[in-house]
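Here is the naming used below: chain letters follow the sequence lines, and residue numbers restart at 1 for every chain.
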Amino acid sequence: MATITLDKVRKVYAGTMEAVKGVSIDIADGEFIVLVGPSGCGKSTLLRMIAGLEEITTGEVKIGERVVNKIDPADRDIAMVFQNYALYPHMTVYNNLAYGLKNRGMPKAEIDKRVKEAARILEIDDYLDRKPRALSGGQRQRVAMGRAIVREPATFLFDEPLSNLDAKLRVQMRVEIKRLQRELGTTSVYVTHDQLEAMTLADRLVVLNKGNIEQIGAPIEVYDRPASTFVASFIGSPAMNLLDVTSDDAGLKLVTGTGLAGAASGLDRGRYTLGVRPEHLEIADGAASGEGLSLEVTVNVLEPVGAESFVYASFADGGPQIVVRVSSHARHQPGEKLYLKAMPQNVHFFDADTGKRID
Amino acid sequence: MKRVQFSSASLPYLYLLPQLAIIVIFFYWPSVQAIQSSFYLEDPFGFSSTFVGLDNYTDVLESSSYAEIARFTVVFTLLVTFLSLSLALLFAVKADAVLKGSSSYKTLLMWVYAVAPPVAGLMGVMFFDMHIGPFLKFADAVGWDFRIGLDYFDTAFAMVVISVWKQIPYNFIFFLSGLQAIPKSLREAGAIDCRSGFRRFWTITLPLLAPTAFFLLIINMTYALFDTFGIVDVVVKDKAANNPITLVYKVYMDGFRGGDIGGSSAQSVILMAVVFVLTIFQFRFIERRVHYN
Ligand SMILES: Nc1ncnc2c1ncn2[C@@H]1O[C@H](COP(=O)(O)OP(=O)(O)O)[C@@H](O)[C@H]1O
Ligand SMILES: [Mg+2]
């Protein structure tokens, strides 16, 4: 059990490529932190610096009270689960689990007890004598998990551990990882590019973009109050509708010209990005009324996904297409005119230039 | 492995035909000839031959000089195989640590292998030459009166060094690509599980290199037994006299210099048998311990 403290951690590859640009995070004991962001944003690099697999260019990483910058991966009291599992192909499952314990000089009986216990928890007891090549992807994933938990480390590090599994198994393992982490109470840092995985697993999310932290917060906080247009479009699916708007004395209008009724009290004159999630738009009976945002759009296409459907629609003057979530029973025809409404608390404004949230 | 379905059943055999023809003409046919002539005593001009049964074999096996040369061949083969494999592995491990994934270096190193074999023997002999060889100066400095071609040990020393030197680039390339084929994440998992790099090498790297090492073991033993013929020839310059030679070289000396076709054939048949037994042994006892992915 341990806290992890990152203090202005930077990573520069090959002298020029700055992959992580001064990241600071305080991770509490037992917390489940998910680093999320698009591919290439520096998630793995950051995780690997915590693991000790990558040199830290500047800044400081602390695990517990100890600065670990110069400490060997084997001595950091961490265990890592890799995307491709990285099981030792020449060892049986048993030995894969036991290897890290043997090298730490643990007595045989204790190793055996721990391996058996981990195998039981992960339901891999039947495969202990097999080599990894004789296992399915899901079983290999469990062995990789087992190798981490037998160590009983202070910290678990996960680098996209579910990316190589099919969708069904991925959901199943996601639930299991969450349950295991709860039971063991081990501080965990989990890297993924999948926002759904991130939302469901995290105690706190760290949204990364191009080596910088865009936002840190509980999943629901990040969802409710995205700190930037980047976070707004990355978290949530389908993504939040982002519209370029201008505000003047007459009120709010799209940069393409269409006026937007309601909303935007108290905004200075100028350009903004307005954000509203597909699930926060409701179909209204008629044109603008009351408070909140009102829009008038024309249906382009209706996309049913089962439990719900999505309407893709555009404004009279062209402009950007917007997405609206509707009930799966809704029947909207292309060309149909819709009036949409959103509650004021569900309408977000961002600075048009910096993309930062405006409250 | 990709499976290819041929439209006609005989087509694959047709494709194999050129290769089979080469094997039959240059391998099976001479082998059969050798077995046959090992039972005959032939006069040096090839005019007449008499069937002598196993006499050629008993002569060879009872000869003390043959036993002596066989002993040297065993020592020579073991030394060359061991040294060229272990040195190449050492170099490959060092190189691998430096050139993680940098393929331009790899290509450069490939050139060593492309260039080395044809010139290696000659360069080696020049290196040890009594008049112009740089090694002589070094030997002099440590008080070693080095005389290649005259002193048994010195000649053997030069033969081993040249043979090992010539084979290292070949082994090196295989070991290096074997090392580079080990996934990065596997090494990293190892680094988390085991602090000692030395121990990681023995418990992870080496077992994963085992298929490569096994393949090279066979190649190197065959090389030391047979392909070093050219090096032995350049070093002893036809004057076997007191110099160490290998069994293959004796086959050549007796058959082509001594004109004893029968005895020489018997020796090659014995060599074939040795290689046969060796190969079976290697596959049965060593390959079983080797992990194939
Ligand atoms: N060993 C390396 N050398 C140079 N650049 C690297 C190296 N590893 C990663 N990078 C670069 O650093 C950036 C971040 O990589 P990474 O942390 O792997 O991203 P992520 O895991 O978020 O997809 C990428 O632009 C990547 O190309
Ligand atoms: Mg990554």
Side-chain angles (χ1 to χ4, degrees), chain A residues 13-14 44 47-54 68 71-92 95-106 111 131-134 140 143-144 146-148 150-151 153-161 163-164, chain B residues 1-2 89 92-93 96-106 174-175 177-217 282-283 285-293:
Chain A
Y13 282 116
S44 295
L47 189 78
R48 294 159 54 77
M49 284 192 284
I50 302 174
L53 300 173
E54 212 74 70
V68 294
I71 290 177
D72 251 20
D75 294 332
R76 291 192 182 192
D77 203 8
I78 50 129
M80 183 152 165
V81 180
F82 294 83
Q83 178 172 353
N84 63 3
Y85 317 136
L87 302 178
Y88 309 117
H90 58 296
M91 296 183 197
T92 60
N95 285 329
N96 262 282
L97 264 56
Y99 182 69
L101 303 178
K102 277 184 199 155
N103 291 322
R104 287 174 173 80
M106 185 177 285
I111 294 179
K131 297 267 177 73
R133 67 168 172 274
R140 285 179 203 186
V143 177
R147 189 166 65 183
V150 286
R151 292 262 324 280
T155 306
F156 288 139
L157 305 176
F158 301 88
D159 195 350
E160 313 228 10
S163 299
N164 289 1
Chain B
M1 194 72 74
K2 203 166 123 187
L89 180 58
V93 168
D96 180 56
V98 183
L99 43 87
K100 282 268 163 283
S102 150
S103 58
S104 53
Y105 277 119
K106 267 185 271 176
F174 276 93
F175 275 135
S177 47
L179 284 168
Q180 304 237 320
I182 297 176
K184 188 173 162 212
S185 60
L186 211 55
R187 294 163 183 265
E188 292 174 344
I192 292 172
D193 274 343
C194 178
R195 180 190 318 142
S196 152
F198 184 73
R199 201 182 154 90
R200 282 204 301 273
F201 179 78
W202 283 100
T203 49
I204 298 176
T205 312
L206 212 54
L208 293 176
L209 272 186
T212 310
F214 174 68
F215 161 78
L216 286 177
L217 179 70
Q282 284 170 329
F283 272 94
F285 296 101
I286 304 183
E287 198 220 10
R288 266 202 212 158
R289 303 174 159 275
V290 169
H291 152 83
Y292 286 103
N293 212 349

Here's one to test your reading of the geometry: is the NZ or CZ of A:R104 within 45 degrees of the ring axis of A:Y99 and under 6.0 Å from its centre?
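Verdict for A:Y99: no cation-pi partner in A:R104.
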In terms of heavy-atom proximity below 4.5 Å to chain B, should A:F82 be classed as side chain, backbone, both, or neither?
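Side chain only.
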A:L101 versus chain B, the contacting section by heavy-atom distance below 4.5 Å:
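Nothing of A:L101, per the 4.5 Å heavy-atom cut-off to chain B.
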Give the member of A:A79, A:P132, A:G100, A:A51 that has the highest number of heavy-atom pairs under 4.5 Å with chain B.
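Highest number of heavy-atom pairs under 4.5 Å: A:G100.
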Toward chain A, the part of B:S196 with a non-hydrogen atom under 4.5 Å:
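Neither; nothing under 4.5 Å.
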Check against side-chain contact (heavy atoms from CB on, under 4.5 Å), A:V81 and A:D159
CA-CA 6 Å; A:V81 180; A:D159 195 350; over 6 Å; no
Minimum heavy-atom distance B:G190-B:I204, with the two atoms named
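Looking at all heavy atoms of both residues, the closest pair is CA-CD1, 3.8 Å.
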Take the angle between the ring planes of B:F174 and B:F215 and call it parallel below 30°, perpendicular above 60°, tilted in between.
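Plane angle between 30° and 60°, so tilted.
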